[in-house]
Chemist: 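Before anything else, here's the structure in question.
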Amino acid sequence: MSLPENDENRLRAWCEEQVDLLNLPHRFSTRELREAISERRGKPIVLKPLATLGAVDAPCGMRLELPETAFEISLIDV
């Protein structure tokens, strides 16, 4: 289900504003993105690999938010 055009435009504008606040260069790495988000939020993002035992053949993961840290648990090597 897609958003009404007006909502899509507002969402895109909001997302672009949030990205601009990160002050990233035109080309940036995932590490630079993680560090910029971490700095903006005032708490570290800790990446932890999660073994899949071959059960998953696509990038995926989960996020655990704690008051002092956000953990990104990934099913791909980080």
Side-chain angles (χ1 to χ4, degrees):
M1 183 172 154
S2 62
L3 295 169
E5 182 69 27
N6 188 28
D7 289 343
E8 287 180 15
N9 290 340
R10 286 191 357 233
L11 176 60
R12 181 177 181 95
W14 181 85
C15 290
E16 288 175 354
E17 289 171 14
Q18 298 307 303
V19 170
D20 287 344
L21 291 173
L22 296 175
N23 295 316
L24 290 165
H26 178 67
R27 293 183 182 256
F28 57 88
S29 68
T30 54
R31 176 172 296 193
E32 290 170 311
L33 175 61
R34 178 175 47 97
E35 290 170 355
I37 293 170
S38 190
E39 183 178 321
R40 176 109 176 106
R41 297 186 65 200
K43 59 183 171 180
I45 297 172
V46 179
L47 301 177
K48 299 284 186 182
L50 180 64
T52 64
L53 302 174
V56 176
D57 191 24
C60 60
M62 65 180 173
R63 183 168 179 242
L64 175 62
E65 183 82 26
L66 301 174
E68 66 281 351
T69 307
F71 286 92
E72 300 288 338
I73 301 170
S74 175
L75 298 178
I76 58 174
D77 291 331
V78 291

Chemist: Please round to the nearest 0.5 Å and tell me the distance separating atom CG of L24 and atom OG of S29.
Modeler: 9.0 Å
Chemist: What are the two closest non-hydrogen atoms of E32 and R27, and how far apart are they?
Modeler: OE1-O, 4.3 Å
Chemist: Could you tell me whether E16 and R12 make a salt bridge, using a distance below 4.0 angstrom between a side-chain N and a carboxylate O?
Modeler: yes
Chemist: Nearest 0.5 Å, what's the OG1-CD distance between T30 and E35?
Modeler: 9.5 Å
Chemist: Dump the intermediate steps for side-chain contact (heavy atoms from CB on, under 4.5 Å) on L21 and Q18, then the final yes or no.
Modeler: CA-CA 5 Å; L21 291 173; Q18 298 307 303; 4.0 Å; yes
Chemist: Would a single hydrophobic cluster contain both F28 and I45, if residues Ile, Leu, Val, Met, Phe, Trp and Tyr are joined by side-chain heavy-atom contacts under 4.5 Å?
Modeler: yes
Chemist: More than 12 heavy atoms of other residues, nucleotides or ligands under 6.0 Å from CD of E39: is that the case?
Modeler: no
Chemist: Shortest non-hydrogen contact from S38 to P44?
Modeler: OG-CA, 3.0 Å
